[in-house]
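Okay, so here's the structure we're looking at.
For this chain, numbers begin at 1 and follow the sequence in order. Computation of the quantities below employed the complete heavy-atom set of this structure, encompassing side-chain atoms and omitting hydrogens, waters and symmetry-equivalent molecules.
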Amino acid sequence: MSKVNLKIDGSPVEVDSGMTILEAAKEVGIDVPKLCYHPDLTLHGACRVCVVENEDNGQLLASCVAPVADGMEISTRSMRARQARRRNVKLLLANHPNDCLGCDRNGSCELQDLVYSMGIGSHDVDELEGERRELPIDDVGPSLRRDPNKCILCGRCVRECEEVQGVSALQFSERGFNSIVTTAFDLPQSEINCANCGQCATVCPVGAITEKIEIKDVWEAIEDDDLHVVVQTAPSIQATIGEEFGMEPGSVVTGKLVSALRHLGFDGVYSTEFTADLTILEEGNEFLRRLKGDKNLPHITSCCPGWVKFAEHNYPELLSHLSTAKSPQQMFSTLAKTYYANQKGIDPAKIYTVAIMPCTAKKFEKERDEMRSSGYKDTDAVLTTRELARMIRELGLRFDLLEDQNYDELMGDVSGAGTIFGTTGGVTEAAIRTVKEELTGEELERLDLNFRDTNEATVEIGDRKINVAIANGLAKASELLDAVKNGEKDYDFIEIMACPHGCVGGGGQPLPVDENKKDARAKGLGSIDKTSSIRKSHKNPKIIKLYNEFLGEPLSGEAHHLLHTSYRERPKN
């Protein structure tokens, strides 16, 4: 690529000709303010918060979309540029509900940060009197809350949903002052083709889209002496929650996480990795049965509820290919109100189950009608990583100084295979580890399926070659599945995760997030797997005990009743 030479704030800069002014400024350590810009999305140039001045002609340019040119002289600090930015931010505030103290994004709001850095006060906003929007809040569904009054029309959520997820559930509507981001026919998100993945919330710079908060319900359960409250933590949480307390992305904080949960008052503290191992035994044997009969191949994983709902809307013809195994979250909750209740001698009606998840779609999953095989609602509450961090802060705990503790014993053994469920490719690797060893007695070499987009591999198991593929991000999943439907690709096993990078990039993880953070989180989980004393799900002694004492064997009648589920076609609207 050719180079261009320009000056930014008086300093000579040589950069690639295809760069924008914003990118060129970053090359020399200048961080131009921005709102609608996001590095993972197409350029938009809507908010005009990133304007800079072209000193040659005095023109103000939106630096996130304006390309560099040879000989250009740019000022990011001129009075005109700074005044224009302040004016644009003040105009956003003039139609924004200034309820920062009660906002879920207080302290992690990009607009709030800009207001502070620019020295904009309430008196500046008072100067701009006029009509304010009063639009209804969409909080009908179990996963997401959408407040259009806080929307600054940056378009990030629209682009994320269309470009990365391929769902296009959100769109711009109306013009001028009446412009809004909404759904088709202004329906609640719970009634449309929305995967509940929460990726829209991860890119929203303000509090216009957030998860549905369940903290109050969980506190009430903990404080109810008549309830026995059991909590499970998803594999990825141990490598992500540290970010909420200033620790480096990917820091493994398993012991401190367990300690914090005990301080919060949970009666039983366990890892979902236990039932991730159980999922592998059920799903692995299901795959083996399909493989031997050449039936319903490719086998497609079902542990991601965002993907499952997307399939129900968009690929109903493939539902018979999905594993019937429940997700690890739902398996754990079912066992908590059956096996655990029996072992502890507790009335299952008195057990309240809480799941700490990286994923907003898990809130939707717990509300599915099928998730009551324990005889009760299996999962009572789901908290995102962010929600748990708020509870920890509420108690004033110094997370980084907490003593390391271990999970409780009854369902406490986990394997490295269960841990890597938190990254894309992890479910495939964990399943094939078990399948290959069960069939041949041989160990599986690492597949290294990567964390991004799509990938594939061929594994020799005995005299058969097994073709596997992974996809993360629903747009990439659609490309892969369409290739299968069109006969362009032939696979035996497909893993799909709705969120880019899998659970480490989930819609409920710490904000802000970028590709480097997701990579670091995935490597943190990989480090746990590499040092685990048990690396295969079928070697977990407490899983073996569970089958011997309670379930019988994988795919038994009891296992099928408690650990498997069904799916249904949903309208494609």
Side-chain angles (χ1 to χ4, degrees), residues 20 34-47 62 64-65 110 138 141 143-148 150-175 179-206 208-211 304-315 359-361 364 424 452-454 471-483 485 496-502 505-508 511-515 518 570-573:
T20 64
K34 51 196 173 292
L35 267 181
C36 70
Y37 171 82
H38 193 283
D40 300 335
L41 303 174
T42 56
L43 302 178
H44 195 47
C47 69
C64 71
V65 292
E110 295 177 39
D138 177 7
S143 296
L144 298 168
R145 182 179 189 272
R146 194 167 54 87
D147 185 349
K150 293 181 179 179
C151 178
I152 59 171
L153 301 175
C154 67
R156 284 190 191 178
C157 60
V158 176
R159 286 175 282 152
E160 178 75 20
C161 194
E162 178 182 355
E163 298 168 9
V164 179
Q165 296 302 72
V167 177
S168 299
L170 298 171
Q171 60 192 15
F172 283 103
S173 180
E174 306 295 340
R175 293 176 178 274
S179 295
I180 58 169
V181 171
T182 186
T183 63
F185 308 109
D186 292 326
L187 290 170
Q189 279 188 251
S190 59
E191 297 179 18
I192 62 169
N193 179 10
C194 170
N196 292 294
C197 66
Q199 288 302 303
C200 53
T202 68
V203 297
C204 178
V206 291
I209 306 178
T210 59
E211 67 265 56
C304 171
W307 146 243
V308 168
K309 187 168 186 288
F310 180 78
E312 290 178 322
H313 283 290
N314 300 282
Y315 292 93
C359 171
T360 54
F364 161 78
T424 301
R452 290 191 177 89
D453 300 338
T454 58
N472 67 108
L474 292 173
K476 293 297 181 182
S478 290
E479 291 177 9
L480 188 150
L481 293 174
D482 289 342
K485 286 174 57 180
I496 295 178
M497 292 288 179
C499 296
H501 273 62
L511 299 173
V513 65
D514 55 34
E515 293 295 303
K518 293 175 189 176
R570 298 174 187 269
K572 188 175 182 179
N573 58 8

Shortest non-hydrogen contact from [X] to [Y]?
X	Y	value
Glu174	Ser179	O-OG, 3.7 Å
Cys499	Gly507	SG-N, 4.0 Å
Asp138	Gln189	OD2-N, 2.8 Å
Ala195	Leu474	CB-CD1, 3.7 Å
Ala498	Gln165	O-NE2, 2.8 Å
Ala361	Ser143	CA-OG, 4.2 Å

query: Does the side chain of Glu479 pick up a donor-acceptor pair with the side chain of Thr454 at under 3.5 Å?
result: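 No pair is found: no donor N or O on one side chain lies under 3.5 Å from an acceptor on the other.
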field: Side-chain donor-acceptor contact under 3.5 Å, Asp482 with Ser478
entry: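 Judged by distance alone, the side chains do not pair up.
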query: Taking Cys200 as the fixed residue, which of Ile209, Val164, Thr360 is the one that meets the side chain to side chain contact (heavy atoms under 4.5 Å, CB included) rule?
result: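 In the set Ile209, Val164, Thr360, the residue that makes a side chain to side chain contact (heavy atoms under 4.5 Å, CB included) with Cys200 is Ile209.
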Can you find a heavy atom in the side chain of [X] that is under 4.5 Å from one in the side chain of [Y]?
X	Y	result
Cys154	Cys47	no
Asn314	Lys572	yes
Leu153	Val181	yes
Glu515	His501	yes
Arg146	Thr182	yes
Arg156	Pro205	yes

Could you give the distance from [atom1] ([X]) to [atom2] ([Y]), rounded to the nearest 0.5 Å?
X	Y	atom1	atom2	value
Thr183	Leu170	OG1	CG	7.5 Å
Ile152	Leu35	CD1	CG	4.5 Å
Glu211	Asn196	CD	CG	12.5 Å
Lys150	Arg145	NZ	CZ	6.0 Å
Asp40	Lys518	CG	NZ	5.5 Å
Cys36	Arg159	SG	CZ	6.0 Å

- prompt: What's the verdict on side chain to side chain contact (heavy atoms under 4.5 Å, CB included) for Thr202 and Leu511, showing C-alpha distance, side-chain angles and the deciding distance?
  reply: CA-CA 7 Å; Thr202 68; Leu511 299 173; 4.0 Å; yes
message: For Phe310 and Tyr315, take the angle between the two ring planes, folded into 0 to 90°, and tell me which bin it lands in: parallel under 30, tilted 30 to 60, perpendicular over 60.
response: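 Rings of Phe310 and Tyr315: tilted, as their planes differ by 30° to 60°.
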task: Ignoring hydrogens and angles, tell me if any N or O in the side chain of Lys309 forms a donor-acceptor pair with the backbone of Cys194 under 3.5 Å.
output: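 A pair under 3.5 Å: yes.
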